[in-house]
Amino acid sequence: MIDLSPKIQEALNNQIAYEGYASNFYLALAYWCDDQALQGCKKFFIRQSEEERMHMLKIYEYMSESGVHPKTSAIPEPPLEYESIQTAFSKVFEQERSVTQSIHNLLLLAQQENDYNTQQFLQWYVDEQREEEAVIRTILDRIKIIGQGGASLYYIDKEVEKINQEVIAAEAAGGGE
Ligand code: OFO
């Protein structure tokens, strides 16, 4: 059994809620894309939603292994509508940046609390956030290159589908989850 201070417990419970929100955020986005006939983007966000759920479950397990009962808090409703796929991906980037910030804050707290186990546990999340941000940056760069022309939605959707396949292949090769 690992000792988790009350502050760490609270911060991990908050992180459960953030990961749960991220999972719902991506799920809602997937079905917004479905409405727009963007099937490549839909697949990308469905996979991302499942990953976020897995990130949430890892925290449940870590807390439970530490002898602490994790909380399942209410989470806010995510946005249901976007102006455009370009706006949606900008929001995704903001969302990932805010989760990265909260992981970094949690890590700082674990350092202040001399909690080596939680520091080690969080390292996986630090790497994961870096990889996720890099993928979203790549998509934003491609969207910029494709531009706003008549067939741009078609090309953006194809590009996101291709990037989704690359992420799946990298994960299968052990490059992340
Ligand atoms: Fe949980 O990985 Fe992004 O948010």
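Ligands are counted one by one from 1 in listed order, and the atoms in each one are counted from 1 as well.
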When you check ligand 1 against the protein, what N or O pairs turn up below 3.5 Å? List the atom names and distances, or just say none.
from: ligand 1; atom 1: 2 (O); to: Glu52; atom 2: OE1; distance (Å): 3.0
from: ligand 1; atom 1: 2 (O); to: Glu52; atom 2: OE2; distance (Å): 3.0
from: ligand 1; atom 1: 2 (O); to: His55; atom 2: ND1; distance (Å): 2.8
from: ligand 1; atom 1: 2 (O); to: Gln129; atom 2: OE1; distance (Å): 2.6
from: ligand 1; atom 1: 2 (O); to: Glu132; atom 2: OE1; distance (Å): 2.6
from: ligand 1; atom 1: 2 (O); to: Glu132; atom 2: OE2; distance (Å): 3.1
from: ligand 1; atom 1: 4 (O); to: Glu52; atom 2: OE1; distance (Å): 3.2
from: ligand 1; atom 1: 4 (O); to: Glu52; atom 2: OE2; distance (Å): 2.9
from: ligand 1; atom 1: 4 (O); to: Glu96; atom 2: OE1; distance (Å): 2.9
from: ligand 1; atom 1: 4 (O); to: Glu96; atom 2: OE2; distance (Å): 3.3
from: ligand 1; atom 1: 4 (O); to: Gln129; atom 2: OE1; distance (Å): 3.2

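Once rounded to the nearest 0.5 Å, the distance linking CD of Gln165 with NZ of Lys43 reads 7.0 Å. Once rounded to the nearest 0.5 Å, the distance linking CD of Gln129 with CG of Leu122 reads 11.5 Å. Going from atom CD of Gln39 over to atom CD of Glu161 covers 9.0 Å, rounded to the nearest 0.5 Å.
Here the shortest heavy-atom pairing between Glu128 and Glu51 reads OE2-OE1, 3.3 Å.
Relative to the ring axis of Phe45, Arg47 does not place its NZ or CZ within 45° and under 6.0 Å from the centre.
Ring geometry for Tyr82 versus Phe25: interplanar angle over 60°, hence perpendicular rather than tilted (30 to 60°).
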